[in-house]
Amino acid sequence: MPIASDPSPGAELAERPEGADPVPQYGAWRKGVAGVLAKARRVEVAELPDEPEQLLAQTTYDGLTVAPLYTRRDERPELPLPGAFPFVRGRDASRDVHRGWYVSAFVGAGEGAAAKREILAGLENGISAIWLGVGERGVPVAELPAALDGLLFELAPLSLDAGAQVSSAAAALFAALDGYQAPQRADISVSLGAAPLTSRFAGVADADLAETVALAAEAIARPETVRAITVDGTVFHDAGASDAQELGAAVAAGLEYLRALTEGQDIADALGQLEFRFAATDDQFATMAKFRAARKLWARVAHACGAPDFGGAPQHAVTSAAMMSQRDPWVNMLRTTLAAFGAGVGGADTVTVLPFDSALPAGELGVSKSFADRMARNTQLLLLEESHLGHVQDPGAGSWYVEDLTAGLAAKAWEFMQELEDAGGYVAALDSGLLAERVAATKAARDSDVAHRKTAVTGVNEFPNLAEQPLSAAARTPGRVARYGAAFEALRDRSDVYLAANGTRPKALLVPLGTVAEHNVRVTFIANLLASGGIESINPGPLDVAGIASAATEAGAPIAVLCGSDARYGAEAGAAVDALRAAGVTTVLLAGAAKAVAELSGTQRPDGFLAAKIDAVAALSGLLEKVGA
């Protein structure tokens, strides 16, 4: 089944009319921006580009430009209401506004009775959908009926996560459904969760494609609403993919499934066997646009297949595992709140919030599983029941920013899907390494931004807390997910090992030169930077050259960092370096750029420079090596 080479999902948009500027005040705003930028950059306004506001624009990993201001200049034609092609505003026109999206939680208890208790407790306390691990991922298949005993299937949609045991899990589930009485069998919504193509990318066990096609045929014959296949885009996200790559790869995988299914099934039935799972991040607007764009993409596929009315596939949002941190994990509650907000407002049908300690082994923080689960559950309940976010479908509609980001992301994702199609399709792109190569390139770019601290990971590369308890050896074992802060957390792990062996953390002496006004900014910057690598700062307060030797001797630290103004460096840096070396300090660094002491040479020249744009991971790793960590 070929797929049409439409240049982009946004091709149907009408051209913006020419004529008078729809925002006559824009010129005055631009003039104001130019004045502020000129002052901040210490240049003349005439030296700025003709459109100075573009200096404030940001570029995403997909190459999309996020402007500093959106106006009526960016207005796009109004899209159809929810429930109508292309489903950008939502796939269900009659969603219960009192319920909003389904609040889901993952249940992975190891035996049936425990899973039943966890399911019923969750339902009693606010969840409205169950995501159940089966087999190696949770409840033994033989105990699945016991786990589901008492569940009102027509009220709580059920999704399975059974991996390679999905067929036997489906058989056990169908047997349980056959003995269940319901007025309308179609009201029972079940997802079997077979995901052979995306699981293959992740390297995890799953059913093969032929088995999945047979399972889909069985699901189509059931009286309940059963979807056999989950196109799991989170595996691409967890490996480092951008939003467009996650969407484009998922659509390409969906096409492979359709080609296999339509060898024996009607296209409408085939489309009815797929649902999508995507990651929701703490970039709330990007997340809103992602879920809106995903519906647009799949609707276009359905349209190309001749079944546009069947293009509204369900979406399951899972808060990003890659954004979660092991260090200062309480911040994860803020991250997942933003992610759940973006996914819900973006129109996801079901949302699962990962517990704030999910990046750590169970019990690592000394808090109970029930507490972590309750926090995850209540994150959504606050959004739905106190903020009433579910009462309005697609509240971002008409926002110039959201609409522009949605259209741009859809276009980029479509391009990526076409790149995979040109390579022979999803499986061929997977086998050739093309897909992994593209994802790895994005991961490398993001890792570089985090390492250079262009991208902040709160509690990790910014505002770290060295007073945290060291992590266990199990927590230090790398996992499958490419977490954003992993490189800095690996440095912290080295510091923990050093602490266990020596009784103290690696230390560095700060040498504040001049008045507080002269050195305070750089002292704060350096202390924060060193702590992100697990290095404790010793700050003796303002020092003159005569007091440096005694401070260094008392600290006993092999590393020292000069902190002061450029003018102070010109007057005192050389003598300060000499004093530190005489006191036995083996590595002397300077907070700032090398040009501040360009005239210094020989032993008076610092061994290195710690400035805002350095590769902090590389610099901190080198310092840890110097102290034996």
Side-chain angles (χ1 to χ4, degrees), residues 1-9 60-64 163 194-213 216 229-263 270-271 273-279 290 293-305 311 313 322 408-447 480-482:
M1 182 191 67
I3 183 69
S5 294
D6 190 286
S8 81
T60 72
Y61 292 111
D62 293 309
L64 296 174
L197 297 182
T198 50
S199 291
R200 183 175 167 187
F201 175 87
V204 297
D206 213 307
D208 62 29
L209 186 57
E211 181 183 353
T212 299
V213 170
I229 300 170
T230 297
V231 185
D232 189 1
T234 66
V235 300
F236 310 116
H237 172 84
D238 289 348
S242 67
D243 289 338
Q245 288 172 338
E246 180 184 354
L247 297 183
V251 171
L255 282 168
E256 292 280 2
Y257 286 126
L258 287 183
R259 292 184 178 110
L261 291 172
T262 51
E263 291 181 4
L271 287 165
Q273 283 304 297
L274 274 66
E275 70 169 12
F276 289 82
R277 183 178 297 141
F278 296 114
K290 177 194 282 189
R295 291 192 294 275
K296 185 173 190 174
L297 291 163
W298 194 243
R300 181 162 292 280
V301 169
H303 184 273
C305 295
L409 181 57
K412 289 291 185 180
W414 190 263
E415 289 176 9
F416 187 65
M417 180 274 290
Q418 288 184 313
E419 180 183 359
L420 300 181
E421 285 290 289
D422 289 343
Y426 174 86
V427 172
L430 187 60
D431 290 343
S432 70
L434 173 66
L435 178 54
E437 179 185 332
R438 294 289 185 269
V439 171
T442 301
K443 177 184 179 298
R446 184 185 291 107
D447 287 347
R480 179 180 61 83
V481 177

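This one's a predicted model, so the numbers in the text were calculated from it and none came from an experiment.
One finds the CH2 atom of Trp298 at 4.0 Å from the CG atom of Leu258 (value rounded to the nearest 0.5 Å). Taken to the nearest 0.5 Å, the CH2 atom of Trp414 stands 13.5 Å off from the CG atom of Leu409. Atom CG of Asp62 and atom OG1 of Thr60 lie 4.5 Å apart (nearest 0.5 Å). For the atom pair Thr234 OG1 and Arg277 CZ, the distance stands at 6.5 Å (nearest 0.5 Å). For the atom pair Gln245 CD and Glu419 CD, the distance stands at 8.5 Å (nearest 0.5 Å). A distance of 11.0 Å separates CZ in Phe276 from CG in Asp232, rounded to the nearest 0.5 Å.
Here the closest non-hydrogen pair linking Gly248 and Met417 is O-CB, 3.7 Å. Of all heavy-atom pairs between Thr442 and Gly240, the closest is CG2-O, 3.4 Å. Across all non-hydrogen atoms, the minimal contact from Ala302 to Leu271 is CB-CD1, 3.9 Å. Listed here is the closest heavy atom pair of Ala249 and Leu435: CB-CD1, 4.0 Å. When all heavy atoms are compared, the tightest approach of Thr212 to Ala207 is OG1-CB, 3.8 Å. Shortest non-hydrogen contact noted between Ala322 and His237 is CB-NE2, 3.8 Å.
Remark: Arg446 qualifies as a cation-pi partner of Tyr61 under the 6.0 Å distance and 45° angle criteria applied to the six-membered ring.
Taking a cutoff of 4.0 Å between a charged side-chain nitrogen and a carboxylate oxygen, Asp208 and Arg200 do not qualify as a salt bridge. Salt-bridge annotation for Glu421 and Arg259: present, with a side-chain N of the basic residue lying under 4.0 Å from a carboxylate O of the acidic one.
Looking at Phe236 and Thr198, their side chains come closer than 4.5 Å, going by heavy atoms from C-beta outward. The shortest distance between side-chain heavy atoms of Ile229 and Leu261 falls below 4.5 Å. Phe416 places a side-chain heavy atom less than 4.5 Å from the side chain of Leu420.
Panel note: side chain Tyr257, backbone Leu274; no donor-acceptor pair is recorded below 3.5 Å. A distance-only check finds a donor-acceptor pair linking the side chain of Lys290 to the backbone of Ala279 [under 3.5 Å].
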Please test Lys412 against Asp243 for side-chain contact (heavy atoms from CB on, under 4.5 Å), starting from the C-alpha separation and ending with a verdict. CA-CA 9 Å; Lys412 289 291 185 180; Asp243 289 338; over 6 Å; no
Determine, stepwise, if the pair Leu255 / Tyr426 fulfils side-chain contact (heavy atoms from CB on, under 4.5 Å). CA-CA 8 Å; Leu255 282 168; Tyr426 174 86; over 6 Å; no
Run Val427 and Leu209 through side-chain contact (heavy atoms from CB on, under 4.5 Å) and show every step you take. CA-CA 11 Å; Val427 172; Leu209 186 57; 6.0 Å; no
